[in-house]
Amino acid sequence: MEWQLRQVLLAVPNGHLHIPILVALLAALLVAIVVPITRTHAGADAPSQIEAELRTAEAVSSVLRLQAESISGMMAPTTASTSTLAEQSNPASVLIPQPLLSAVARLASRGVLGGGDQESLRVPLSGKAIAFTLHENGLSARQTTPYETVGDALTGAGIKLGAFDKVSPPADSVLTAGMHVYIDYATKVRFVLGDDDEQIDTQATTVGGVLAEHGIRVFEDDIVFPALSAKVRPGMLISLTMIRDIVVNEDEPILFRTISRYDNSIDLGDRVVSQEGTIGVSRRSYTVHMINGREVTRKYLSAETIAPTNEIVLLGTKVDAGVAPALAAIEGECASYMTVWSTYYTAISAGGNGITATGTTVYKGIIATDPTVIPLGTRMFVPGYGYGIAADTGGGVKGAHIDLGYGANDVYDWGSKYIQICILN
């Protein structure tokens, strides 16, 4: 009988391959029926669902391959002239590729090859089961789930979607009986940019689409390999070299000055800013050539100065009429009046060697001034202090400011304040 069956199959072109196909299909059908029943009766101590699926997948793959190899080996031609050594040693490997066996085993282990009358592998949470058709990796299969949304149903079936995987209808859609759910898994490619080398997912079909999908802008001088129009293949290497010429400015700040001006329309002691100051900039510009974000060369381009805007402050000099009588006794001697800010100092408080700018020692009557406002040698009368002469200067004495000198044995009780002084003839 065996000899007659062999002769019949050999008489048909590729006849020796038909039996392995038939056996493989019968084995798949048997496993699809047995697996759901076995898993339905699993006890509380059974392995987790994922471990069970993996073990079942391996078992199904082994059964299919052993059945195919056994029958194919039995029916293979006895002469070596009609096939290669590899085909004789394992004809089922040519007939049923391992990836196909793995895919069938994986689907069988999840119970998706069963008919519509098979029980779900999961216990319905709501007491109802929804049947739908799942399409993935070119295969279609029936599924039954207790979950009411597409996303929950896929999760319940052990399917984990990545950020770039697509499912239609969307994951938040309500699952209805008879619905067809399609999964389009992302393609994984390797992307290299400078020192960065990573694996990324994509739904794009071209290299340019991959970069655009991940928000990477390509400029004219950039180098992309393969070309932007190249078709995407799983596991392909995409490299990008970014080449940029940018203008870089190096700025140094220029501080503004404060200019004080006296205004007799403003009350004595008041200070009004009439113009805000702004900081200026000394700028040098360069053209910088960069590759993948790193500076390669730098070329001087230009320089410019943006001048600061000085601050202008108005100092009030207006005094009440009651102040004037303090100078009435020497009114005939006054060439002019001036409102100034007054302070006091001694040789000790001033530091140094106690010698004034004009070579004298410090004693009462010596007044330090800003020579650009009150020249040295100017005689004046200061109410509450008496007569004095501008005979000294000081680093802190600027503008309309006088510093009243006192000797070591003088009694002084002067407080800093604005006063009106008499500039003598």
Validation: residues 215-225 side-chain donor-acceptor distances under 3.5 Å, sequence neighbours left out:
unit_1 : atom_1 : unit_2 : atom_2 : d
Asp222 : OD1    : Ile243 : N      : 2.8
Asp222 : OD1    : Arg244 : NH1    : 2.5
Asp222 : OD2    : Phe219 : N      : 2.8
Asp222 : OD2    : Arg244 : NH1    : 2.8
Asp222 : OD2    : Arg244 : NH2    : 3.4

Could you tell me which residues satisfy side chain to side chain donor-acceptor pair (under 3.5 Å) with Thr287, sequence neighbours excluded, listed by chain and number?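 Per chain and number, Thr287 pairs via side chain to side chain donor-acceptor pair (under 3.5 Å) with no residue.
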
Using side chain to side chain donor-acceptor pair (under 3.5 Å) as the criterion, list what pairs up with Tyr182, not counting sequence neighbours.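 Listed in chain order: nothing, the list is empty.
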
Contacts satisfying salt bridge (Lys or Arg N to Asp or Glu O under 4.0 Å) that involve residues 349-359 (not counting sequence neighbours) are none

**Q.** More than 12 heavy atoms from other groups under 6.0 Å of CD1 on Ile246
**A.**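 More than 12 heavy atoms, drawn from other residues, nucleotides or ligands, come within 6.0 Å of this atom.
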
Check: Got a sec: does the CD of Glu304 have more than 12 other heavy atoms crowding it under 6.0 Å?
Finding: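 Atom CD in Glu304 is crowded, with more than 12 foreign heavy atoms closer than 6.0 Å.
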
Is there a donor-acceptor pair closer than 3.5 Å between any side-chain N or O of [X] and the backbone N or O of [Y]?
X	Y	result
Gln203	Phe164	yes
Asn137	Leu139	no
Thr378	Ala390	no

Taken to the nearest 0.5 Å, the spacing of Leu161 CG from Thr155 OG1 works out to 7.0 Å

Residues 188-200, side-chain donor-acceptor partners within the protein, below 3.5 Å, at least two apart:
unit_1 : atom_1 : unit_2 : atom_2 : d
Lys188 : NZ     : Asp201 : OD1    : 3.0
Lys188 : NZ     : Asp201 : OD2    : 3.4
Arg190 : NE     : Asp197 : OD1    : 3.1
Arg190 : NE     : Asp197 : OD2    : 3.0
Arg190 : NH2    : Asp197 : OD2    : 2.6
Asp195 : OD2    : Arg294 : NH2    : 2.6

Atom pairs and distances, side-chain donor-acceptor, residues 272-280, under 3.5 Å, sequence neighbours left out:
unit_1 : atom_1 : unit_2 : atom_2 : d
Ser274 : OG     : Ile312 : O      : 3.4
Gln275 : NE2    : Asn310 : O      : 2.7
Thr278 : OG1    : Thr309 : N      : 3.4
Thr278 : OG1    : Thr309 : OG1    : 3.0

